[in-house]
Amino acid sequence: MSDYRAPVREMRFVMDEVAGFRELSAIPDFAEATPDLADAILDEAAKFSGEVLAPLNRVGDREGCKLGAAGVVTPAGWKEAYRAFCDAGWNGLASSPDYGGQGLPDTLGIAVKEMVCSANLSFSLGPLLTTGAVEALMICASDELKATYLEKMVTGEWTGTMNLTEPQAGSDLALIRSRAEPQADGSYKVFGQKIFITYGDHDMTDNIVHLVLARLPDAPPGVRGISMFLVPKFLVNADGSLGARNDAYCVSLEHKLGIHASPTCVMAYGDNGGAVGYLLGEANRGLEYMFVMMNEARLGVGLQGIALGERAYQQALGYARERKQGRDAVTGEALVTIDKHPDIRRMLMLMKSRVEACRAMAYYTAGLLDRAHAAGNSEEGKRQLWLAEFMIPIVKGGGTEMGIEVTSLGIQIHGGMGFIEETGAAQHWRDSRITTIYEGTTGIQANDLIFRKLMRDQGATARVVFGEVAATAKALGATGNPALQAFAGKLGAALKAWIEASEWLAANAKGGLSGVLTSAVPYLDLAVTVCGGWLLGKGALAAAGYLERGEGDAGFYAARLATACFYADQMLPLAAARAATVMAGDAALRGITDDMLASS
């Protein structure tokens, strides 16, 4: 029951009807992104992910990675799959053509990334981090460093990492102790230890480019004194060939709950005299540059939750259609497949609708980023970028929390067999559990949404989103379709709850900080719930239009409508409760002492 088939038709529908992919080919930067090209790419990506990567998923989970004398060894088949991945051009699909990429829109690239994540999450993490590193280097690297490193990273010949966390410095990066000492030739010697470094070492490529946060000797304290350095595994000679081994080593591998085939490394820099590194951009601006990489990674990690939810749903549906147990509650027929039981159908639809809602949010955000890229530094470009940045914590927090809950439902549908490793259902949950933690926990995403997105422009960007949601609700109500009119009412009520909660947060941000921080995650849940309904509603309007005109596959569009209406019935009513929780603030925490937290 571990086969994976990419939902290409669903992906293409969301690309076109929610993310606006069809209009992108009118933008000069994306002129080659024609519908025919998109179809060909999605079909080939589906084959590659299903035939090459998916069969390795269980292999990687069982074997894991091993640290030997020569470094980290990946599971059987990993090196061959990675080479095939790069040879086919998947690594640089949406990267700049100036450095060997294909320059296609993120709106197309995100669908391919989802397929790779669904097929084999552990494999996907290497390319994800490399893409983020490429984006950071594009922003802050010197021309010389770009010429040396970018093309090999875009094509996948070399991979990239991000090195933030230290034993004493997790989310609080002000505590970083790694240091960099300037050298006479303009380079630096980097010293320190980093933990939880994804693909910090492996045997798939002959070089790895580490982006490392460290402090200069004269750096101011706190996050203002953090710089970013490029530290290669092997130094690069003037002619582009590899030189001496750098003083950057994996000294141990973390033993994890899931993603066993993704090497999570403890990296030591400078134990043998200092790792050679190169300053990226200006001194003491490293955290700013790293957030370029972080935003790329956060959108990608949100997508991981969606991808695992899709994989778990496919497996649960396949099992439910085969497993016979009990009587049909309506017909009384004995020994029916369990997908006929109402509670199983409810869980399957919860899985399906929540995955589709979060997919719509991720693809919509990718579309915003494409338009921001095309518009550059214009006012429209800034508007699109701010909307995308507003959505990123919603996608990251919502996609990953959904992934955990949906993969857990997948185990539940399998019953006792879901708790048995041989079925593979448990792996999806184990792999998903890290996604709410790395690249910023759900609490960090919630704080980011409130303090850096909702309040940075006094709510102006949020009001643009509220207006889009209201317009969708109005359009649903004007259809004359009773189901969509009911959807409109539920979406309008959910939006009202979101607006009220947002106004409460704004009013209490200065005088009631504890209450705002207590309410942050419930507020994120509220935003996710409403945005999911909004974008499913956009899709429902498009599907209804196709049905009315008699165009396309009526069964597919009818399923889209049914899924959206199920979400409206089952999920949107939760918005009011979440808003009430937000506006309760920290009232329930007042008076809670340390003794009360202790176990009895």
Side-chain angles (χ1 to χ4, degrees), residues 14-33 38 92-99 101-114 128 131-140 154 281 288-303 359-396 398-399 439 445 448-449 452-469 471 527 531 534-535 538:
V14 178
M15 286 168 56
D16 288 341
E17 307 300 341
V18 177
F21 175 78
R22 278 190 298 245
E23 291 75 37
L24 289 176
S25 60
I27 299 173
D29 285 359
F30 302 128
E32 294 184 5
L93 193 70
S95 297
S96 171
D98 294 340
Y99 297 98
Q102 298 176 51
L104 292 169
D106 284 324
T107 312
L108 174 57
I110 199 168
V112 174
K113 288 179 183 177
E114 183 190 334
L128 170 73
T131 301
V134 165
E135 291 300 315
L137 293 181
M138 291 285 287
I139 295 293
C140 63
V154 167
E288 175 188 339
Y289 301 140
M290 189 64 81
F291 265 99
V292 173
M293 193 174 184
M294 187 74 78
N295 271 335
E296 174 81 22
R298 285 178 172 175
L299 180 58
V301 173
L303 189 68
R359 177 183 290 121
M361 290 189 287
Y363 288 26
Y364 174 79
T365 304
L368 294 172
L369 289 171
D370 282 330
R371 288 166 177 77
H373 168 79
N377 204 35
S378 66
E379 287 304 311
E380 179 60 17
K382 292 176 183 176
R383 175 180 174 275
Q384 296 288 334
L385 181 60
W386 279 41
L387 285 168
E389 290 177 345
F390 183 87
M391 291 298 298
I392 281 174
I394 297 174
V395 173
K396 199 284 185 182
E439 312 309 341
Q445 304 308 311
D448 179 57
L449 175 61
R452 293 193 180 95
K453 308 299 164 60
L454 175 66
M455 296 181 182
R456 71 174 172 180
D457 57 2
Q458 291 74 52
T461 301
R463 286 191 290 275
V464 172
V465 176
F466 297 158
E468 293 288 335
V469 179
C531 285
W534 160 41
L535 295 174
K538 284 177 68 70

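Worth saying up front: this structure is predicted, and the values here are computed from it rather than measured. Reckoned from all heavy atoms, side chains included, excluding hydrogens, waters and symmetry mates.
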Study note, to complete from the structure: Nearest heavy-atom contact between G109 and L93 is CA-CD2, 3.9 Å
Check your understanding: How far apart are the closest heavy atoms of G367 and T107, and which atoms are they?
Key -> CA-OG1, 3.3 Å
Review point. CG of L387 to CD1 of I392: how many Å apart, nearest 0.5 Å?
Key: 11.5 Å
Point to revise | Spacing of CZ belonging to R298 relative to CG belonging to D448, to within rounding of 0.5 Å | key: 5.5 Å
Review point. Are more than 12 heavy atoms from other residues, nucleotides or ligands located less than 6.0 Å from atom CZ of R456?
Key: yes
Revision key, fill the gap. What one should report as the nearest heavy-atom pair of G101 and V154 is N-CG1, 3.4 Å
**Study point:** K538/E17 under side chain to side chain contact (heavy atoms under 4.5 Å, CB included): CA gap, chis, key distance, verdict
**Key:** CA-CA 7 Å; K538 284 177 68 70; E17 307 300 341; over 6 Å; no
**Study point:** Chi angles and distances behind the side chain to side chain contact (heavy atoms under 4.5 Å, CB included) call for Y99, V134
**Key:** CA-CA 10 Å; Y99 297 98; V134 165; over 6 Å; no
Check your understanding: Do you know the tightest heavy-atom contact between L303 and K113?
Key -> CD2-CB, 3.6 Å
**Study point:** Side-chain heavy atoms of F21 within contact of L24, under 4.5 Å
**Key:** yes
Review point. Do C531 and M391 come within less than 4.5 Å of each other through their side chains, counting heavy atoms only?
Key: yes
Review point. Does a side-chain N-to-carboxylate-O contact under 4.0 Å join K396 and E439?
Key: no
Exercise for review: Kindly check if the number of other-residue, nucleotide or ligand heavy atoms within 6.0 Å of CD (E32) is above 12?
Suggested key: no
Check your understanding: How about V18 and Y363: do any of their side-chain heavy atoms sit closer than 4.5 Å?
Key -> no
**Study point:** From CZ (R452) to CD (Q445), nearest 0.5 Å
**Key:** 10.0 Å
Review point. What pairs with R463 under salt bridge (Lys or Arg N to Asp or Glu O under 4.0 Å), at least two apart in sequence or on another chain?
Key: none
Practice item. Decide yes or no on side chain to side chain contact (heavy atoms under 4.5 Å, CB included) for T461 and K453, but give the supporting numbers first. Key: CA-CA 8 Å; T461 301; K453 308 299 164 60; over 6 Å; no
Point to revise | Side-chain touch L385/E389, heavy atoms, less than 4.5 angstrom | key: yes
Revision key, fill the gap. Nearest heavy-atom contact between M361 and L535 is CA-CD1, 3.5 Å
**Study point:** Nearest heavy atoms of A372 and G381, plus distance in Å
**Key:** CB-O, 3.7 Å
Exercise for review: Report yes if the side chains of D106 and L299 come closer than 4.5 Å at any heavy-atom pair, otherwise no.
Suggested key: no
**Study point:** Gap between atom OG of S378 and atom CZ of R383 - 0.5 Å precision
**Key:** 11.0 Å
Point to revise | T365, V465, L449 screened by side-chain contact (heavy atoms from CB on, under 4.5 Å) with I394, the one that passes | key: L449
Exercise for review: Take the angle between the ring planes of H373 and F30 and call it parallel below 30°, perpendicular above 60°, tilted in between.
Suggested key: tilted
